[in-house]
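Below is one structure, written out as structure tokens, with a few remarks after it.
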Amino acid sequence: MSELYIRVAEDENEEPMEIPSEDDGTVLLSSVAAQFPGACGLRYRNPESQCMRGVRLVEGVLHAPENEWGNLVYVVNYPKDNKRKMEEIDAASAVKVKRGFQKTSDLIVLGLPWKTSEQDLKDYFSTFGEVIMVQVKRDAKTGNSKGFGFVRFADYETQTKVITQRHMIDGRWCDCKLPNSKVCPDEPMRSRKIFVGRCTEDMTPDELRQYFMQYGEVTDVFIPKPFRAFAFVTFADDQVAQALCGEDLIIKGVSVHISNAEPKHNNIHQLFRNFPGGIASLATQMFGRSQYQSPSSHV
DNA sequence: GTTGAGCGTT
């Protein structure tokens, strides 16, 4: 029987780690890999030749040279270039973990003064958190600002904070919103926006905002004009919106009913979302044959 | 040389 542990290091000059051997004196590759993920073998420097030698590996079992592990330090082998790849994989997954729910998007900045530059934007928004992108949209010919731009933050918390307030930039009030291109018509809107039914005409947007603030950050209030007895309230947090759905709340002495906001009808697909058989069926009825392929049918 | 609700030349 050999020793209980052999000394293994990632590199000849690194501090060795003791890896347990089996009763028969062998060492399992899995034991090595448990401490050095991705390891595929061991090597060591032969004291006599001063050359590196490979350790015999048979079906996952490492065999001691000359039947004796001795006091040598064994160095971990990795698959060709695998070490770097593993680091890349780790880095990539770390990025994904960091993103996860926290992925930020470009925000559109509306209402910019004509004079505001990208540097001005960066200076202003940097007071909220790390800015990773700013843009001021300009006329291609004249170079004049179109009065809006975009900003992107490193952290989602910063984004949420920025969305939920107005911004005084170079003397004008500006709004930061998720761009329409980023707003999925289905889930996100449905989850963050509520439908407030049975509204009365004397309810103002500001009053609704004041009222719903008690539940969470309100990012938008919309009351159709002319009066239609309902309103939409959007929260920063979808969980707040979801928690309110189904409730009957009393605002200014009247009972309003809260439910999910149906997706806004931005395009033809949303407009005919609830049409029996879908839009293709509608096309069939209109034209007598199905010549329309909905984009959603080849996602 | 203008303007003030909106939505990004690639």
Side-chain angles (χ1 to χ4, degrees), chain A residues 99 102-156 158-196 203-209 217-228 230-238 241 261-273 295-296 299:
Chain A
R99 284 186 181 170
Q102 319 258 329
K103 191 164 183 281
T104 63
S105 353
D106 294 354
L107 302 179
I108 189 167
V109 189
L110 268 359
L112 288 176
W114 311 117
K115 54 170 277 199
T116 299
S117 68
E118 300 197 333
Q119 187 62 52
D120 294 333
L121 275 191
K122 176 141 195 199
D123 290 344
Y124 172 77
F125 284 115
S126 291
T127 63
F128 292 89
E130 186 187 349
V131 173
I132 59 178
M133 194 274 311
V134 285
Q135 279 181 319
V136 170
K137 289 302 169 188
R138 300 176 181 280
D139 182 273
K141 292 172 79 172
T142 66
N144 291 335
S145 168
K146 290 183 177 174
F148 72 95
F150 293 88
V151 62
R152 177 102 155 257
F153 294 95
D155 301 314
Y156 191 78
T158 312
Q159 169 170 314
T160 305
K161 169 80 175 165
V162 165
I163 288 180
T164 51
Q165 72 176 69
R166 302 253 282 158
H167 301 274
M168 178 59 77
I169 302 177
D170 289 339
R172 272 185 59 93
W173 284 111
C174 303
D175 292 304
C176 290
K177 301 177 178 174
L178 280 175
N180 289 337
S181 59
K182 288 291 176 192
V183 176
C184 173
D186 298 308
E187 203 43 46
M189 291 299 278
R190 189 171 296 183
S191 56
R192 280 170 36 220
K193 188 193 278 190
I194 57 171
F195 177 89
V196 185
M203 293 179 186
T204 68
D206 199 54
E207 283 171 336
L208 290 186
R209 180 179 287 270
E217 290 176 305
V218 175
T219 59
D220 189 55
V221 174
F222 180 82
I223 300 180
K225 280 179 285 195
F227 175 67
R228 291 214 275 162
F230 64 83
F232 293 103
V233 175
T234 308
F235 292 94
D237 187 347
D238 57 341
E262 288 294 322
K264 200 172 16 172
H265 290 171
N266 273 335
N267 59 41
I268 193 166
H269 296 287
Q270 293 164 25
L271 199 58
F272 294 105
R273 183 182 298 281
S296 60
V299 172

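Predicted model only: the values in this text are computed from it and were never measured. Here is the naming used below: chain letters follow the sequence lines, and residue numbers restart at 1 for every chain.
- Residue-nucleotide stacking is present for A/W114 and B/dG4, judged by a side-chain ring centre under 5.5 Å from the six-membered base ring centre and planes under 30° apart.
- When side chains are defined from C-beta on, A/M133 does not count as touching A/F153, because their heavy atoms never get closer than 4.5 Å.
- The distance between atom NZ of A/K177 and atom C1' of B/dC7, rounded to the nearest whole Å, is 10 Å.
- Between A/F150 and B/dG8, a base-stacking contact is recorded: ring centres under 5.5 Å apart, planes less than 30° from parallel.
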Going by atom type alone, with no hydrogens or angles, which donor-acceptor pairs under 3.5 Å involve a side-chain atom of residues 105-116 of chain A and a protein atom two or more places apart or on another chain?
{"from": "A/D106", "atom 1": "OD1", "to": "A/R152", "atom 2": "NH1", "distance (Å)": "2.8"}
{"from": "A/T116", "atom 1": "OG1", "to": "A/D170", "atom 2": "OD2", "distance (Å)": "2.8"}

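- To the nearest angstrom, P of B/dG8 lies 11 Å from CD of A/Q135.
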Residues 218-225 of chain A side chain polar contacts: donor-acceptor under 3.5 Å, at least two apart:
{"from": "A/T219", "atom 1": "OG1", "to": "A/T234", "atom 2": "O", "distance (Å)": "3.2"}

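- Distance A/D139 CG to B/dG8 P: 14 Å, rounded to the nearest Å.
- Closest to the side chain of A/K146, from the set B/dT9, B/dG8, B/dC7, is B/dT9.
- Of all non-hydrogen atoms in A/E118 and A/V136, the two that sit nearest each other are OE2-N, 2.9 Å.
- Nearest nucleotide to the A/N180 side chain, out of B/dC7, B/dT10, B/dG4: B/dC7.
- With DNA chain B read from its 5' end, the first of the two nearest nucleotides for A/L112 and A/K137 is the one closest to A/L112.
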